[in-house]
Each structure stands twice: as C-alpha cells, then as structure tokens.
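Heads up, the thing below is written out as structure tokens.
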Number of protein chains: 2
Amino acid sequence: MTTTSRTSRPPARGTPAGAVGDPLAAALHTVAIRLLRQVRAVDRASGLSAPRLSVLSVLVFGGPRSLGALAAAEQVSAATMSRLVTALVRSGHVRRTPDPDDARAVVLTATAKGRRVLLAGRARRVQAVATVLEGLSAAERRSLDRATRALSRELAGVR
Amino acid sequence: MTTTSRTSRPPARGTPAGAVGDPLAAALHTVAIRLLRQVRAVDRASGLSAPRLSVLSVLVFGGPRSLGALAAAEQVSAATMSRLVTALVRSGHVRRTPDPDDARAVVLTATAKGRRVLLAGRARRVQAVATVLEGLSAAERRSLDRATRALSRELAGVR
DNA sequence: CATGATCGTTAGCAATGCTAACGATCGATC
DNA sequence: GATCGATCGTTAGCATTGCTAACGATCATG
C-alpha cells in the first residue's frame, strides 16, 4: 500500500522545486516520452513529415471528413490544415472532393497510396514497440496488458 | 499464455495492409500517444516552446554540457541547437560560458530561472498524468507500476 | 432576397528543422 | 615548434509548419 492519497491532491503548499507529486505518474510520463522518442525514429522511412503522417492517420483510421473537422482533430488552424492537405494532395496521398451537400466545403479522403504508406508506417512503429517489449517476462507482459487496458479506458475521450 | 512467439517475428509474409503484428505493442503505442497528447496541453503555461522546454530539460536533469552534446541529445543539428540556445540565453533560462579546457567549445548551464520554469512545467505535466490515473483501481495502479518499471528497464539506454 | 455566419484559401509573420560555408582552435605529425 | 586535417560553434539561406488577418463564396435565417 502506498502513502498516496486518493484525492487529486493539489501541489502540497510550496511545491519545493523538484518535488514529485505522484511517483507513478512521473515514471509513466518519463517512460512514455522515451518510448515515443524511440519509435518516432522509424517514421523517416515513410517519406512524410510528422504533421503529414498525423493528418493521414486521422483520415485512414477515422474516415473522410471536411477540412474544418480535420483541423479540429489535429488541433491546428484551418489555414495550416489547408496547406498540409494541399501538400498531401499534390503527393497523391489524399483526395480532395467537393462536398455534395455544401458547396463551401470539401471532403478529404485518403487514397490507396495514402492508406498503404500510413499502414506500413504504423506497422514499423508497432514493430519498434514490440522490440522494446521483447525483454519483458510473461508476467510483466500481463501487467502491461492490464495497465494498457486501464489507461485506454481512462483516455477514451482523447484524440 | 499467449500465442505470440518469443522471437521478433518478421512481418509474416505479405503483411496484408492493416495487420497488427503485436496487439499489446499496438495498444501501448496508441495509449502513449494519447497520454502525451493530453499532457502536452499544459506546456503552454510555461511560456516556452516545446523544443526549448526539451533543451532545458536536458540541462536541468542531465547537467551542463557542450552545444554539440546538447545537439546530439536532442537529435538535432548543431546549427539548430545554436539558435535554440541563443534564444534561451536571451530569455535568461540558460547561461553560456567558455569551456576552460577547449577554447572552441562552450558550456551550457540552466540558470536558476531555467530550473524554476522547467520544474514547474514538469510538475504540471506530472499532475496531468496523475489526473488520468485517478480513475484507476488500486490493482490497476499496481499493474501499471510493474509495467512502468519493466519499460523503464528496457528503455534505460534511451535519451 | 438581404444579411450575418461559416468554410476554405491566400498572404505575411515567427519558429524550427536542414545543409553549406566559415573562422577559430585543437591535436597529430613532421 | 610549424603545419595541416579535424572538430566546435556560428551564420546564411532554404523549406516546413504554426499563427492571425483578410478575403470570396456559400449557407441559413429572417
């Protein structure tokens, strides 16, 4: 049993520079950063920049949508998204079609090439994670599986 | 016991677009992305950009070092790091001193202000992670603790 | 059908990534 | 001790990505 209180505990008056509020949260934070730093390295092989890959990911996994919706999903301005999409259209990863119900709007869709590139990139990333997991014992993998499910549940609303 | 083989298993001939090599690795990948996406939001309060915060983090947690070493740690060119450091010096977060042993080199150190800003930012991030963890049961927290330790061990060499 | 709201684009700015070129210094070799 | 290639950090110039502001076109409300 840990000494951590259940309540969210505000930073305990003063927060003497260097204090760690929740050791588990701090460790998880560090591990997540290191894991993704490791994983990002394989993205180079896709030939697409990180923002473009991320946009493509929304279209492939989330389906076609308007530019505004895409900008909101990526937490980016419509102006920035317009430029990203233009680049992805020019490179053949995305198709831009007029919205039949609203002449102001466009519908963005991943092309076959876009899907192919994104899925290959994701497979490389997952493989990189799997490589890290190779050193885990069966028991550790079970713990990780439970932990991942719990975190997935808590983060359900994100993206 | 899972059916997953222990060997690193190459992408099983063909890799029919969409296949997931290792479901646990894939889930962990997704959770890590969502967690950090959530956490990054609080960085705005520091007044520093993501690259500058990251540089400061290396200096605060890793100690003073040369520009070249800093560039290597951040996987960035020396030219880019030079510019980042210049900005951090101007804003008073970093001190640039000549290396007593090598007149070509400089030593970069976080100032008291830099340490203060970084530690406050990190506390906010950890608090954001802790908030996500509030919904976990005690058993889930124990699983997460074991999993985090195991991953920390496997990622020891990174950053 | 007039008018304000919304959608997407363009223009112009700042920050961050790169490579190339450079000056200064180091270290090894003669 | 002089020379010469290697290394350190900076600057210049380019592309990309983020922003806000301004705009034209279209929608939806009255």
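Quick note on labels: first sequence line is chain A, next is B, and so on, each numbered from 1.
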Rounded distance (Å) that lies between atom [atom2] of [N] and atom [atom1] of [X]:
X        : N      : atom1 : atom2 : value
B:Arg44  : D:dG18 : CZ    : C1'   : 11 Å
B:Leu70  : D:dT10 : CG    : C1'   : 15 Å
A:Leu67  : C:dT10 : CG    : P     : 11 Å
B:Asp102 : D:dC8  : CG    : C1'   : 7 Å
B:Met81  : D:dT10 : CE    : P     : 11 Å
B:Gln75  : C:dC18 : CD    : P     : 10 Å
A:Glu74  : D:dC19 : CD    : C1'   : 16 Å
A:Arg104 : C:dG4  : CZ    : C1'   : 12 Å

Donor + acceptor pair across side chains of A:Ser57, A:Ser54 (<3.5 Å): no
B:Arg96-B:Thr86 side chain donor-acceptor pair, cut-off 3.5 Å: yes
Touch class at under 4.0 angstrom, heavy-atom based, for B:Ser49 against every strand present: sugar-phosphate
Touch class at under 4.0 angstrom, heavy-atom based, for B:Ala105 against every strand present: sugar-phosphate
Nearest listed nucleotide, side chain of [X], among [options]:
X       : options                : result
B:Leu84 : D:dT17, C:dG17, D:dA25 : C:dG17
A:Val76 : C:dA5, D:dG9, D:dG18   : D:dG18
A:Ala79 : D:dT17, C:dT16, C:dA11 : C:dA11
A:Ser66 : C:dG8, C:dC18, D:dT10  : C:dG8
A:Arg52 : D:dG18, D:dT17, C:dG8  : D:dT17
A:Arg83 : D:dT7, C:dG12, C:dG17  : C:dG12

A:Arg115 vs A:His93 side-chain heavy atoms within contact, under 4.5 Å: no
In terms of side-chain geometry, is the basic nitrogen of [X] or [Y] positioned less than 4.0 Å from the acidic oxygen of its partner?
X        : Y        : result
A:Arg141 : B:Asp22  : yes
A:Arg34  : B:Glu154 : no
A:Asp145 : A:Arg149 : yes

Heavy-atom closest pair, residues B:Leu67 and B:Leu108: N-CD2, 3.4 Å
Side-chain N,O (B:Thr80) to OP1/OP2 (C:dG17) below 4.0 Å: no
Under 4.0 angstrom between B:Ser77 side-chain N/O and C:dG17 OP1 or OP2: no
Nucleic acid contacts - residues 85-101 of chain A versus DNA chain C, non-hydrogen atoms under 4.0 Å: A:Arg96
Stepwise side chain to side chain donor-acceptor pair (under 3.5 Å) check, B:Ser46 with B:Arg124: CA-CA 9 Å; B:Ser46 72; B:Arg124 275 190 299 271; 4.9 Å; no
Upstream residue (5' side of DNA chain C) when B:Pro51 and A:Ala78 are each assigned their closest nucleotide: A:Ala78
